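The sequence lines fix the lettering, A, B, ..., with proteins before strands; numbering per chain opens at 1. Computed from heavy atoms alone, side chains included, the values below leave out hydrogens, waters and symmetry copies. On a predicted model such as this, the values are computed, not experimentally measured, just so you know.
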Amino acid sequence: MASYQSGASGGGQGVAKAASDHQDDIEAMSPKRAAEELGRLAEVLAQANAGYYQADAPIMDDAEYDALKRRNAAIEAAFPDLKRADSPSDQVGAAPSEGFGKVRHTVRMLSLGNAFDDGDIIEFDKSIRSYLGLPRAAPLAYTAEPKIDGLSLSLRYEGGQLIQAATRGNGETGENVTANARTIADIPTELIGAPEVLEVRGEVYMSHADFAALNERQESAGGKPFANPRNAAAGSLRQLDAEITRKRPLKFFAYAWGELSQPLADTQLGAIERLRDLGFSTNELTQRCDGPDAMIAHYRMIEETRPHLGYDIDGVVYKVDDLGLQARLGFRSTTPRWAIAHKFPAELAWTELEKIEIQVGRTGALSPVARLKPVTVGGVVVSNATLHNEDYIAGRDAKGGEIRGGKDIREGDFVQVYRAGDVIPKVADVDLSKRPGNAVPFDFPQVCPECGSPAIREEGEAERGCTGGLICPAQAAEKLKHFVSRAAFDIEGLGAKKVEAFYGDPQLPVKEPADIFTLRERDAANLAKLANRDGWGQTSAKNLFDAIDEKRKIPLSRLIFGLGIRHVGEVAAQDLARHYGTWEAMARAIDTARPAALAHRAADEAAEAERRRADSEGRRARLAEARGKAVADCEVPEAASEAWAELIGTDGIGPVMALSLSDAFANPEERAAMDRLLPHLTPLPPEARADDSPVAGKTVVFTGTLEKMTRAEAKARAESLGAKVSGAVSAKTDLLVAGPGAGSKVKKAADLGVKTINEDGWLELIGQ
DNA sequence: GTGCCTCGAGTTCC
DNA sequence: CTCGAGGCAC
């Protein structure tokens, strides 16, 4: 960090003290000194902002920050002419004196599936009909409305009073912005004749005219203009001082709802009309359509109206109009089945590709990134874009087919860039006519650029990977970042930036997870204590050590996920934790299964070799034979076979994940790192699943004709209640739901003593 | 063997 | 958010 006062010993404390103790010296200040000090303040406050927002590592505490800001304002007041273009007083997103509270959404705020062309819309209609079991000719109405490009907000009313406003956040938890929402004219603070509990959801946005005027104000005050209306709206809503939000021209459209104490209407459109009657702004282009043709026609109409709307939209949203059908359709893991967003084509821009660089990820994957001459795409300046992998640069897809007409991408090329899903910049095309004469095809490295180990590409894989494992500093550091990430250990005050700093620290290196948990004792035994360093103090050092101690008790699933084993993500880690219950049980099973895992790999390789050699004649038999022989050669103990069978029998775990686990546990370096880590930890057993449903944890089989719902619907509903749905009756089956026309399964169930009920009985059981 | 659906991993910008 | 790939049902 650069010192605010030259010669200051580094801590933030001195800085704040200097600022607050001498407010009265300003009058006596020469303009030259004032200008210098404003310059220093701008710099140090900008750094504080950067530290707070990006690195998740506050450089100074809030009181210090506020004191500096006050001093800056006082000097500016005394010398208005000297106010800088980058004055901290005008910066948006100033470090808050207190953060926003968190709000857990009672009904999750989901995102929508995307459609990009007319065919996707027809497909959408088809899949809904098939899920509901509706014939093609049966009427099925949808609503269509513009998709506003703003930020979603959930407003909670109780007894007609606005009591809470929350941003979407990650869908489950958002930020409490109630005070700010109250300043938005379109948001009523009181409703008359509303249900007792009503959560209204909609979009906060800023019109083009208001955006232009706001930016003009910002600029004439020397502030930095917003990149686009969406950022302006987001920045304005997230002000900690609601009075600033009040001065920002925000608007709101209501289009959905969350928790309700009583239904708003029978249809989507009816509910929107009800919201409008309650006093909300609703979008006038919302319309009912009787099928895909009408939906597409309405899409075209909105597309034509788009330039004249006066606010940004990025597509059209279709929803099944009948709310009863919406309820039957329900949700996939992250999106509702009954709605889809038809996106407008992404904005494109051409720019020069200056350089192709290679990044190394935690799994060793070499990912090429395009360094671009900065260009504005969809209201944002883009200077980097992903190039996916070797094949993408070469103009091939995963199957060896051509993309971009087979054109490869070279340094120096003019390339077309777009933001996929309006977020991730990607290189879409190359202008060969502008290719410099000296441009050469990109030579994808065959060795890791970070550690020099060979970078191997397995047959059939898209990624080329560094083979250095933990020897590779890039991989080791990325693995550590993963270990402290939010879904894993989530240690407060130890984010990616800090991990990187600690990784290369000469006094207190953190090279592997275990090092994190020895940090406090090593610090105590060390002369170069953390507390004496620039940017650190007694308090911040203690806070870090305490935060680390807090995570010594850790849910088993987080521990497993944190290890960063390939193919084992958050969900697989939970599956494993739930299945084995303890670290020891899981580790023992994986160890025991090792010979079987090796046999499995040998069999795969043998089959692969055979496949390459053999042509179609009698191939299947020979493959099976080769597999069998390979397994036989391995002489797998029975215990290993059993452990392996259990591992791949675990819900959600297949041979690929199992093999990956096995390799990780059998790798001496990785295993040693685990063995050094575990003594510092107390893994907590997985929480038992909440058994609030009578079918939770039960295995259910449906057979015969279902009359009130389709097969897909029955399955999804059962699974959402925690049941497992299987196709065949076995000893493990808990319940058979048999409709008319059921055959052998009923008999088998009777033989096995499995309880059998009919469809009505099932609906009654699940309370419908 | 084929075709969903979901998960995992990597990615950018604020 | 997207892509590729794993898991699993049909």
I want to verify a distance call: between [options], whose nearest atom is closest to the [X] side chain?
| X | options | answer |
| --- | --- | --- |
| Ser383(A) | dG10(B), dC13(B), dG7(C) | dC13(B) |
| Asn231(A) | dC1(C), dA9(B), dC14(B) | dC14(B) |
| Val571(A) | dG8(B), dT12(B), dC14(B) | dG8(B) |
| Gln359(A) | dC13(B), dT12(B), dT2(C) | dT12(B) |
| Met657(A) | dG6(C), dC13(B), dA9(B) | dG6(C) |
| Val382(A) | dG10(B), dC13(B), dG6(C) | dC13(B) |
| Asp651(A) | dT11(B), dC8(C), dA9(B) | dC8(C) |
| Lys426(A) | dC3(C), dC8(C), dT12(B) | dC3(C) |
| Thr386(A) | dT11(B), dG10(B), dG6(C) | dT11(B) |
| Ile424(A) | dA9(B), dT12(B), dG7(C) | dT12(B) |

Exercise for review: Please name the residue in the list Asp314(A), Ile313(A), Asp312(A) that meets the side-chain contact (heavy atoms from CB on, under 4.5 Å) test with Lys147(A).
Suggested key: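 For Lys147(A), the side-chain contact (heavy atoms from CB on, under 4.5 Å) test succeeds with only one of Asp314(A), Ile313(A), Asp312(A), which is Asp314(A).
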
Considering every strand and a 4.0 Å limit on heavy-atom distances, what is the contact class for [X]: base, sugar-phosphate, or nothing?
| X | answer |
| --- | --- |
| Arg419(A) | nothing |
| Phe116(A) | sugar-phosphate |
| Ala234(A) | nothing |

Please state how far atom [atom1] in [X] lies from atom [atom2] in [N], giving the value in whole angstrom units.
| X | N | atom1 | atom2 | result |
| --- | --- | --- | --- | --- |
| Asp575(A) | dC7(B) | CG | P | 9 Å |
| Leu372(A) | dT12(B) | CG | C1' | 11 Å |
| Leu329(A) | dC5(B) | CG | C1' | 16 Å |
| Leu661(A) | dG8(B) | CG | C1' | 14 Å |
| His388(A) | dG4(C) | NE2 | P | 7 Å |
| Tyr392(A) | dT11(B) | OH | P | 15 Å |
| Glu463(A) | dT2(C) | CD | P | 18 Å |
| His600(A) | dG6(C) | NE2 | P | 11 Å |

Review point. Do we see a donor-acceptor contact under 3.5 Å between the side chains of Asn389(A) and Arg464(A)?
Key: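 No pair is found: no donor N or O on one side chain lies under 3.5 Å from an acceptor on the other.
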
Point to revise | Modelled atom types, side-chain donor and acceptor of His388(A) and Lys426(A), under 3.5 Å | key: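 Yes, Lys426(A) and His388(A) have a side-chain donor paired with an acceptor closer than 3.5 Å.
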
**Study point:** Salt-bridge contact Arg371(A)-Glu411(A) (side-chain N to carboxylate O under 4.0 Å)
**Key:**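 No, no charged N to carboxylate O under 4.0 Å.
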
Exercise for review: Determine, for Asp117(A) against Lys343(A), whether the closest basic-nitrogen to carboxylate-oxygen distance falls under 4.0 angstrom.
Suggested key: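 No salt bridge links Asp117(A) with Lys343(A).
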
Review point. Using the ring of each side chain (for Trp, its six-membered ring), is His600(A) parallel, tilted or perpendicular to Trp644(A), with breaks at 30° and 60°?
Key: tilted

Review point. When you check the phosphate oxygens OP1 and OP2 of dC13(B), does a side-chain N or O of Asn384(A) lie under 4.0 Å from one of them?
Key: yes

Check your understanding: If only side-chain N and O atoms of Ser367(A) are considered, is one of them under 4.0 Å from the OP1 or OP2 phosphate oxygen of dT11(B)?
Key ->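 For Ser367(A), the contact criterion (side-chain N or O under 4.0 Å from OP1 or OP2 of dT11(B)) is met.
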
